[in-house]
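Here the structure comes first, spelled out in C-alpha cells, and everything after it is commentary.
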2 protein chains.
Amino acid sequence: MDTNPSDTTGLPANVLDPDCPSRVIFQRIGDKWASLVVQVLADRPVRFSELRKMVSVVTPKVLTQTLRSLERDGLVTRTVHAQVPPRVDYELTDLGRSLLEPLAQLRKWAEGNVPAILAARDAYDDAQDEALLG
Amino acid sequence: MDTNPSDTTGLPANVLDPDCPSRVIFQRIGDKWASLVVQVLADRPVRFSELRKMVSVVTPKVLTQTLRSLERDGLVTRTVHAQVPPRVDYELTDLGRSLLEPLAQLRKWAEGNVPAILAARDAYDDAQDEALLG
DNA sequence: AGCTATCAGTATCAAATAGATACCGTCTTT
DNA sequence: AAAGACGGTATCTATTTGATACTGATAGCT
C-alpha cells in the first residue's frame with residue numbers, strides 16, 4: 001500500500017490527499033440524499049414521483065440535483081419513456097449496485113450503535129445546559 | 001425486520017423515516033470532514049494543530065465544529081492538558097473505533113471503483129459539452 | 001522590560017448549498 | 001372547458017461552509 005514519507009498516521013497517503021479516491025467516495029456518500037436514493041433504488045427501477053414520496057422530505061429541486069449527480073457518476077441511469085403523462089425511471093447501474101454492500105454494512109453498524117450516539121447527545125446537551133445554568 | 005405496511009421497496013422502514021438510525025449515521029458520515037477525522041484518529045490521540053496539518057485544507061472553525069459534533073456524539077474525546085502552550089488531544093472512544101471497520105470497507109470499495117466514477121464524470125461532461133456546441 | 005513565538009481556538013464576513021414555494025408544458029380524462 | 005398526472009424548472013430565502021483576521025496565556029530570548 002502506497003504511503004507518503006512524511007506520513008505519521010499509518011493511513012494510506014491517499015486519504016489525506018484532497019484528490020484521492022477515498023475523498024471522492026466520502027463526498028459521494030456524504031451527500032445528504034445520495035446514499036438514501038441509492039438504497040431506495042436497490043431492488044428495482046423507480047420513477048421520479050415515487051422517489052419523492054419515498055424520500056418524503058426532499059424537495060424536487062434537490063432530488064433532481066441528487067439524481068443528476070448520481071447519473072454523472074455512472075451510479076444511476078435515467079430512462080425517459082415516451083408516454084403521457086411522462087414516465088422517467090431511475091435505476092442503479094452495476095457500479096451503483098456494487099455500492100449497496102458497503103452501505104449495508106454501514107447501516108448494520110448504525111442499527112447497533114445509533115442508540116449509543118443518541119444517548120451521548122442527550123448527555124452532552126444536558127451537561128451543556130447545566131454549565132449554562134450554573 | 002420491521003417493515004412499513006405501505007412499503008414498496010423491500011427496505012426496512014426505518015431507512016425512509018426521517019428519525020431513523022440509518023439516517024442519523026448517514027448524516028454523520030455525510031459530514032464532509034467527520035469521517036476523515038475519524039480515520040486520522042484511528043491509531044493514536046492527535047492534537048488540534050496536527051489535525052489541521054493532516055486534513056490540510058480544513059479551516060480551524062470548521063475543524064472545531066467537526067470535533068465538537070463528534071464529541072457530542074460520543075465518538076471522540078477531548079482532553080485538555082494544563083500546559084503552556086496548550087495541548088488538546090482528540091482520541092477515538094470505543095464507539096468511534098467501532099466505526100473504523102465499516103469505513104474501511106467503504107474505502108476499499110472506493111479504491112477499486114473511483115476510477116470508474118471519474119471516467120463516468122469525464123464522459124458525462126464531454127457529452128454535455130457536445131450537446132451545447134451542437 | 002519588551003518582542004516574538006506556540007497553541008487552540010473565536011469573530012466576522014462572504015460564498016456556496018439546501019430548501020420552500022410557485023409555476024410550466026403536454027396530454028388525458030371528465 | 002376544466003382539472004389532473006407527471007417531471008421537472010424558476011425564484012427567492014435560510015442555512016452551512018469557508019477565508020481571513022484576531023485573541024489570550026505564557027515561555028524564551030535579547
Side-chain angles (χ1 to χ4, degrees), chain A residues 8 16 18-19 23-24 26-37 40-41 44-73 76-91 124 128 131-132, chain B residues 8 16 18-19 23-24 26-37 40-41 44-73 76-91 124 128 131-132:
Chain A
T8 52
L16 303 174
D19 298 329
R23 284 220 186 168
V24 172
F26 284 116
Q27 290 272 76
R28 191 66 286 183
I29 300 302
D31 184 291
K32 185 163 181 181
W33 301 109
S35 53
L36 200 52
V37 167
V40 168
L41 298 180
R44 59 180 181 87
V46 178
R47 59 198 298 187
F48 190 84
S49 54
E50 282 182 291
L51 275 167
R52 276 192 72 184
K53 279 170 214 146
M54 293 161 85
V55 188
S56 50
V57 293
V58 73
T59 63
K61 190 191 78 172
V62 173
L63 182 56
T64 299
Q65 286 172 350
T66 302
L67 288 166
R68 291 285 186 280
S69 75
L70 289 172
E71 195 191 355
R72 180 169 103 106
D73 284 358
V76 158
T77 56
R78 175 172 180 273
T79 310
V80 180
H81 301 277
Q83 302 180 355
V84 169
R87 173 190 189 96
V88 180
D89 281 333
Y90 291 92
E91 186 172 12
Y124 185 93
Q128 293 300 93
L132 282 176
Chain B
T8 53
L16 302 174
D19 297 328
R23 284 219 187 168
V24 172
F26 284 115
Q27 290 271 78
R28 191 65 286 183
I29 300 301
D31 184 290
K32 185 164 180 181
W33 301 109
S35 53
L36 201 53
V37 167
V40 168
L41 298 180
R44 59 179 180 87
V46 178
R47 60 196 298 186
F48 190 84
S49 54
E50 281 182 291
L51 275 168
R52 277 193 71 183
K53 280 170 213 147
M54 294 161 87
V55 187
S56 50
V57 293
V58 73
T59 63
K61 191 191 78 172
V62 173
L63 182 56
T64 299
Q65 286 171 351
T66 302
L67 288 166
R68 291 284 186 281
S69 74
L70 289 171
E71 195 191 354
R72 181 168 102 107
D73 284 357
V76 158
T77 57
R78 176 172 180 273
T79 310
V80 181
H81 301 277
Q83 301 180 355
V84 170
R87 172 189 192 96
V88 179
D89 282 333
Y90 292 91
E91 186 171 13
Y124 186 94
Q128 293 301 93
L132 283 176

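Labels below follow one simple rule: chain letters A, B, ... track the order of the sequence lines, proteins then strands, and each chain is numbered from 1.
Proximity note for A:Val62 (side chain, C-beta onward) versus D:dC6, C:dA8, C:dG19: the nearest is C:dG19. The side chain of B:Pro85 has C:dC7 as its nearest neighbour among D:dA27, C:dC7, C:dG9. Ranking C:dA8, D:dA27, D:dG8 by closeness to the B:Pro86 side chain, first place goes to C:dA8. Taking every side-chain heavy atom of A:Lys61 into account, D:dT11 is the closest of D:dT11, D:dG7, D:dG8. Of the candidate nucleotides C:dA8, D:dG8, D:dC6, D:dG8 has the atom nearest to the side chain of A:Val88.
To the nearest 0.5 Å, atom CG of residue B:Leu67 and atom CZ of residue B:Arg78 are 9.0 Å apart. How far CG of B:Leu70 is from CD of B:Gln65: 12.0 Å, rounded to the nearest 0.5 Å. Rounded to the nearest 0.5 angstrom, A:His81 NE2 and A:Arg47 CZ are separated by 8.5 Å.
Atom OH of B:Tyr90 is separated from atom C1' of C:dA8 by 8 Å (rounded to the nearest Å). Atom-to-atom, CD of B:Gln65 to P of D:dG18 comes out at 9 Å; the value is rounded to the nearest Å. One atom, CG of A:Leu63, and another, C1' of D:dT9, lie 13 Å apart when rounded to the nearest Å. Whole-Å rounding puts the A:Gln83 CD to C:dT29 P distance at 13 Å. The distance between atom CG of B:Leu67 and atom P of C:dA8, rounded to the nearest whole Å, is 11 Å. Atoms CZ (A:Phe48) and C1' (C:dC24) sit 14 Å apart, rounded to a whole Å. Remark: C1' of C:dA18 and NZ of B:Lys32 are 15 Å apart, rounded to the nearest angstrom. Atom P of nucleotide C:dG9 and atom NE2 of B:His81 are separated by 11 Å, given to the nearest angstrom.
Counting any heavy atom pair closer than 4.0 Å across all strands shown, B:Arg47 reaches sugar-phosphate atoms only and no base atom. Among the protein residues, B:Arg52 comes within range of no part of the nucleic acid, since none of its heavy atoms lies under 4.0 Å from any strand.
Between A:Trp33 and the phosphate of C:dG19, there is a side-chain N or O to OP1/OP2 separation shorter than 4.0 Å. Between A:Arg78 and D:dG7, a side-chain N or O to OP1/OP2 separation shorter than 4.0 Å is absent. Within the structure, every side-chain polar atom (N or O) of B:Arg87 is placed at least 4.0 Å from both OP1 and OP2 of D:dT26. In terms of phosphate contacts, B:Ser49 brings a side-chain nitrogen or oxygen within less than 4.0 Å of OP1 or OP2 of C:dA8.
The side-chain heavy atoms of B:Val37 and B:Val46, taken from C-beta on, include no pair separated by under 4.5 Å.
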Report task. Just do the side chain to side chain contact (heavy atoms under 4.5 Å, CB included) check on B:Arg72 and B:Arg68 with the steps written out, would you? Result -> CA-CA 6 Å; B:Arg72 181 168 102 107; B:Arg68 291 284 186 281; over 6 Å; no
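DNA chain C is contacted by both A:Asp31 and A:Val84; A:Asp31 maps to the nucleotide lying nearer its 5′ end (nearest heavy atom per residue).
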